[in-house]
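Inspection log for the structure reproduced underneath, given as structure tokens.
The first residue of the sequence shown is numbered 1, and numbering continues consecutively from there.
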Amino acid sequence: AAPPEQAPGPEPPAGGGEAAEHRALVLTGFGGYDKVKVQARRGGGPRPGEVSVRVRACGLNFADLMARQGLYDRLPPPPVCPGMECAGIVRALGDGVRDRQVGDKVMVLARSGLWQEVVNVPASQTFLMPEGMSFEEAAALLVNYITAYMILFDFGNLRPNQSVLIHMAAGGVGTAAIQLCKTVENVTIFGTASASKHDSLKESGVAHPIDYRTMDYAEEVRKISPKGVDIVLDPLGGSDTSKAFNLLKPMGKLITYGVANLLTGQKKNLMAMAKTWWNQFSINALQLLHHNKAVCGYHLGYMDEEFELVGGVVAKLVNLYSQGKIKPKIDSVWPFDQVADAMRQMQEKKNVGKVILVPEAPKEESKKEEN
């Protein structure tokens with residue numbers, strides 16, 4: 001049966017009494033891994049146009065690491081609950097919601113606030129999970145695959161027989177981009193990652209893995225493809241953006257979508273910030289005209305009003321998932337209590353694929369509420 005309409009949080013284990021508090025991850029201030037803490041919260045019911053979702057899995061994104069250090073402009077000031085994506089089950093509907101039902105399994109996209117056991121979100125920010133998809137996969141889909149899709153196809157205009165350079169190729173967006181490249185005929189993929197990840201990159205379809213730690217990736221690309229590549233995905237920023245621009249073939253496209261170079265340790269590094277800022281790539285329109293190249297910037301965090309645009313992309317991704325052409329790769333799953341370890345896993349670049357947070361320790365019996 002559906003949970004009571006008005007319940008703001010999880011039902012008490014015994015099934016009696018009023019709704020219990022729910023647990024949330026809260027960024028208490030900017031700094032190291034210890035700044036994100038599990039706290040109890042009481043939420044109200046969904047407002048008009050909203051749905052209340054019992055969260056089963058949340059995605060960790062690079063932007064969340066930036067946010068913890070105070071380097072991400074789309075997060076409200078602390079104390080604040082981070083989290084841009086999650087997946088779960090609709091448990092209550094606000095007034096006027098017609099296209100969702102209690103019991104629906106949904107993926108959720110928001111600017112922040114989703115790392116909680118229960119969230120209230122506008123129904124327009126929820127997307128029905130395709131048949132056969134796990135909650136962990138659903139929490140790994142939206143941010144990374146929307147980003148990779150729009151960069152490769154909307155900005156990059158990826159065509160058969162082209163070549164692409166993907167940085168951080170074993171990360172969330174990298175993994176998504178590789179899978180999406182494979183949906184186009186004969187695309188040659190260059191991917192940078194540390195040497196220990198190269199076998200898994202080759203298996204996933206990267207023709208030329210490059211160890212950025214021990215070699216100059218631009219030189220390595222040129223050895224194989226003297227003219228360069230058609231598309232570069234740049235999540236790094238700083239001097240790497242200039243290297244990317246110089247690696248483009250005529251009519252090539254550089255899409256910059258992050259500043260991972262700002263992140264060196266678990267706390268803000270002013271030296272790295274100054275260096276990245278100083279080395280920022282800059283070009284004027286006249287110079288661009290002479291180069292026959294395009295430079296694009298992409299930031300999903302500023303798409304929060306573009307429901308139709310983003311919804312169209314999600315529909316295409318769900319379709320690709322249902323056809324078996326894309327499948328989120330889960331690196332690891334961590335309970336809320338171990339959020340520090342989850343963040344460390346990503347920040348130290350140990351992950352291959354997506355890092356997932358779950359409200360409680362992963363266990364099989366959580367299937368019972370799904371019926």
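In this pair, Phe281 and Phe245 present their aromatic rings tilted. The plane angle is within the 30 to 60° band.
A salt bridge between Lys327 and Glu137 is present, with a side-chain N of the basic residue lying under 4.0 Å from a carboxylate O of the acidic one. Remark: Arg344 engages Asp341 in a salt bridge, criterion side-chain N to carboxylate O under 4.0 Å. Residues Lys354 and Glu85 are paired through a salt bridge, judged by an N-O separation under 4.0 Å between the basic side chain and the carboxylate.
Side-chain polar atoms of Gln347 and Arg68 form a donor-acceptor pair below 3.5 angstrom. No side-chain donor-acceptor contact under 3.5 Å links Asn279 and Asn261. Ser52 and Asn120 form a side-chain donor-acceptor contact under 3.5 Å, judged by distance and modelled atom types alone. For Gln323 and Lys325, the side-chain atoms include at least one donor-acceptor pair closer than 3.5 Å.
Side-chain atoms of Gln345 and Ser332, non-hydrogen and from C-beta on, do get closer than 4.5 Å to each other.
Of all non-hydrogen atoms in Val232 and Ala244, the two that sit nearest each other are CG1-CB, 3.6 Å.
Lys316 forms no cation-pi arrangement with Tyr149, by the criterion of a distance under 6.0 Å to the ring centre and an angle within 45° of the ring axis.
Between Tyr72 and His299, the gap from one ring centroid to the other is short of 6.0 Å.
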Donor-acceptor contacts, no H, no angles, side chain residues 25-33, under 3.5 Å, sequence neighbours left out:
from	atom 1	to	atom 2	distance (Å)
Thr28	OG1	Lys35	O	2.9

Validation: residues 183-190 side-chain donor-acceptor distances under 3.5 Å, sequence neighbours left out:
from	atom 1	to	atom 2	distance (Å)
Thr183	OG1	Leu180	O	2.6
Asn186	ND2	Asn161	OD1	2.8

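With hydrogens and angles ignored, the 3.5 Å screen pairs no side-chain donor or acceptor of Gln69 with any backbone N or O of Met66. Side chain of Asn292 to backbone of Pro250: no donor-acceptor contact under 3.5 angstrom is found. Arg74 contributes a side-chain N or O that, together with a main-chain N or O of Gly301, makes up a donor-acceptor pair within less than 3.5 Å.
Of the candidates Arg222, His208, Lys243, Tyr217 forms a side chain to side chain contact (heavy atoms under 4.5 Å, CB included) with just one, namely Lys243.
Applying the salt bridge (Lys or Arg N to Asp or Glu O under 4.0 Å) test to Lys249 and every residue at least two apart in sequence or in another chain returns Asp230.
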